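Sequence lines set the chain letters: A, B, ... in the order given, protein chains first and strands last, and positions in each chain run from 1. Predicted, not measured: the structure shown is a model, and the values here were computed from it.
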Protein chains: 2
Amino acid sequence: MAERPRPSAARALRGPATSSLDLVCCAAAGRQLVVLVQPGARGTATTLPWMVLNPASALEVASVRFARERCGRAPAWIAQVGASNEGRGHPSGAALSVSFVAVLPEGTRPPVGMMWAAVTDLEGLAPRQQAMVTAAVLVLRDRMDIAPIAFRMLAAEFTLSELQRVYELLLGRGLHKASFRRALESASLVEATDSWRSEGRGRPAQLFRYAPRKRRGVKRSVRFELLR
Amino acid sequence: MAERPRPSAARALRGPATSSLDLVCCAAAGRQLVVLVQPGARGTATTLPWMVLNPASALEVASVRFARERCGRAPAWIAQVGASNEGRGHPSGAALSVSFVAVLPEGTRPPVGMMWAAVTDLEGLAPRQQAMVTAAVLVLRDRMDIAPIAFRMLAAEFTLSELQRVYELLLGRGLHKASFRRALESASLVEATDSWRSEGRGRPAQLFRYAPRKRRGVKRSVRFELLR
DNA sequence: GAAATAGTGTCTCTTAGACACTATTTC
DNA sequence: GAAATAGTGTCTAAGAGACACTATTTC
């Protein structure tokens with residue numbers, strides 16, 4: 001366990017009923033899902049990027065702007081996770097926090113003073129922010145089949161093995177290679193490029209790009225809407 | 001278009017940065033999905049039930065308590081929809097609103113001063129509350145396959161035709177009867193009772209109750225996690 | 001050639017959806 | 001018997017997952 005934020009710093013920022021906007025910025029890093037965190041200076045706690053919410057600007061606009069500011073570039077995808085107010089659990093002391101989950105492509109460098117931390121190995125985060133990370137990952141998992149989240153976690157051109165690895169990362173389980181490719185084929189989500197990439201040993205892989213041709217989320221069968 | 005809330009009333013409630021908690025309380029009513037609204041008195045606008053958010057009490061607790069207070073009974077299911085702050089769009093004038101979607105079983109009487117209104121026919125709601133209703137219905141649709149939402153919209157005992165009707169209501173499209181029942185069977189979500197219900201003409205229907213025996217949301221195949 | 005990774009062809013088993021029924025009630 | 005609703009048996013086509021391959025690279 002790491003230390004909690006010092007009460008004095010927290011109180012200083014608390015207004016009559018301040019709200020915060022918090023950012024769970026996710027990326028793939030090999031076999032791990034990572035989150036952008038700010039290590040606490042001199043023994044203070046690690047935090048997610050957060051800002052005091054300005055009531056005058058729309059959440060959607062503010063979240064994108066804040067993400068761009070803190071990540072050095074516009075997020076490849078972003079969505080609201082929700083609001084939470086579990087007591088005392090926020091570094092700002094804000095009464096209410098609204099969190100967003102953003103996605104950056106693999107290989108994005110963390111801005112100065114920040115670092116990537118594996119979602120499975122987050123220590124020292126305030127309880128409310130810890131809960132945000134958990135909820136954010138669930139949002140990614142829930143929406144990956146209706147939003148191009150996996151594709152946004154990769155560069156514009158990627159191999160099918162990379163794409164499968166990201167899907168497996170988000171799902172938290174392995175997928176069958178042939179099935180994965182067949183399904184991808186029938187969904188018309190990607191198109192092949194003329195490029196190939198050779199990495200270390202093994203046959204070079206063809207590069208693909210995201211190019212959806214059918215509407216997404218259309219043809220769910222009864223079974224999956226029904227049960228489970 | 002109906003009138004907007006009178007500015008005087010709205011301003012009176014606005015604190016330095018007040019937040020509201022809003023409730024989208026849904027139920028099935030025949031072939032329609034309905035929402036609990038409060039018709040405006042003497043030419044004021046229709047509103048969803050809302051309260052000024054007390055920073056001291058947890059959102060989950062406050063939402064359940066508020067739903068119970070306004071519906072006359074505990075909600076059969078409830079979940080947070082999200083936060084929104086699109087400007088001027090709330091009857092309270094609150095800077096930020098957190099909305100919840102609750103479910104009541106079909107046939108629940110509206111409390112005095114309130115009424116059910118079809119979600120497809122909501123007029124005079126403030127823009128922010130209108131957006132909440134839209135988002136709330138999407139939450140129901142998204143989660144109906146991982147939460148017992150359809151079952152909570154029915155009495156404890158129901159016929160399979162009723163259940164299918166609720167599923168169709170939430171999905172917004174018809175389902176194949178034999179497939180529906182087969183899928184229900186293989187999901188082990190319901191168990192038959194010894195009772196039968198005869199209504200008007202036609203063969204009486206057997207009554208079932210919700211009795212899940214398998215974990216839900218387990219066996220999604222690659223296909224549906226992949227595409228769409 | 002060995003090892004490693006990319007990519008494919010075929011088989012089987014499950015199941016969604018369609019169709020066509022049977023069953024039981026009210027009128 | 002007609003009309004209406006409940007409930008079932010069977011067929012077919014699609015596709016998920018398994019298996020066993022082929023292909024192309026580095027060492």
Could you state the atom-to-atom distance from [atom1] of [X] to [atom2] of [N] in whole Å?
{"X": "Glu185(B)", "N": "dT14(C)", "atom1": "CD", "atom2": "P", "answer": "16 Å"}
{"X": "Glu162(B)", "N": "dA6(D)", "atom1": "CD", "atom2": "C1'", "answer": "12 Å"}
{"X": "Phe208(A)", "N": "dA6(C)", "atom1": "CZ", "atom2": "C1'", "answer": "10 Å"}
{"X": "Trp196(B)", "N": "dT5(D)", "atom1": "CH2", "atom2": "P", "answer": "17 Å"}
{"X": "Leu184(B)", "N": "dA16(C)", "atom1": "CG", "atom2": "P", "answer": "12 Å"}
{"X": "Leu175(B)", "N": "dT15(C)", "atom1": "CG", "atom2": "P", "answer": "18 Å"}
{"X": "Phe180(B)", "N": "dT8(D)", "atom1": "CZ", "atom2": "C1'", "answer": "16 Å"}
{"X": "Arg181(B)", "N": "dT10(D)", "atom1": "CZ", "atom2": "C1'", "answer": "17 Å"}

Can you tell if the side chain of [X] reaches within under 4.5 Å of the side chain of [Y], non-hydrogen atoms only?
{"X": "Val190(B)", "Y": "Leu184(B)", "result": "yes"}
{"X": "Met153(A)", "Y": "Leu170(A)", "result": "yes"}
{"X": "Met114(A)", "Y": "Cys25(A)", "result": "no"}
{"X": "Val24(A)", "Y": "Val81(A)", "result": "no"}

Side-chain donor-acceptor pair present, Ser84(B), Ser97(B), cut-off under 3.5 Å
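On atom types as modelled, these side chains do not qualify, holding no pair under 3.5 Å.
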
For DNA chain D, what string of dots and brackets results from 5' to 3' when Watson-Crick and G-U pairs need both distances under 3.5 Å, crossing pairs get [ ], and pairs with another strand get |?
|||||||||||||||||||||||||||

Would you please name every residue forming a side chain to side chain contact (heavy atoms under 4.5 Å, CB included) with [X], sequence neighbours left out?
{"X": "Thr193(A)", "value": "Glu157(A), Ser195(A), Leu207(A), Arg209(A)"}
{"X": "Gln206(B)", "value": "Ala192(B), Trp196(B), Phe208(B)"}
{"X": "Ser161(A)", "value": "Thr159(A), Arg181(A)"}

Would you say the base of dA18(C) and the side-chain of His176(B) have a donor-acceptor pair closer than 3.5 Å?
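Answer yes: a donor N or O sits under 3.5 Å from an acceptor.
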
Candidates dA6(D), dA18(D), dG17(C) - which lies nearest the side chain of Arg182(B):
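Of the candidates, dG17(C) comes closest.
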
For DNA chain C, the residues among residues 197-204 of chain B that have a non-hydrogen atom under 4.0 Å from it:
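By residue number: Gly200(B), Arg201(B), Gly202(B), Arg203(B), Pro204(B).
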
Residues in side chain to side chain donor-acceptor pair (under 3.5 Å) with Arg152(B), at least two apart?
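Side chain to side chain donor-acceptor pair (under 3.5 Å) list for Arg152(B), sorted by chain: empty.
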
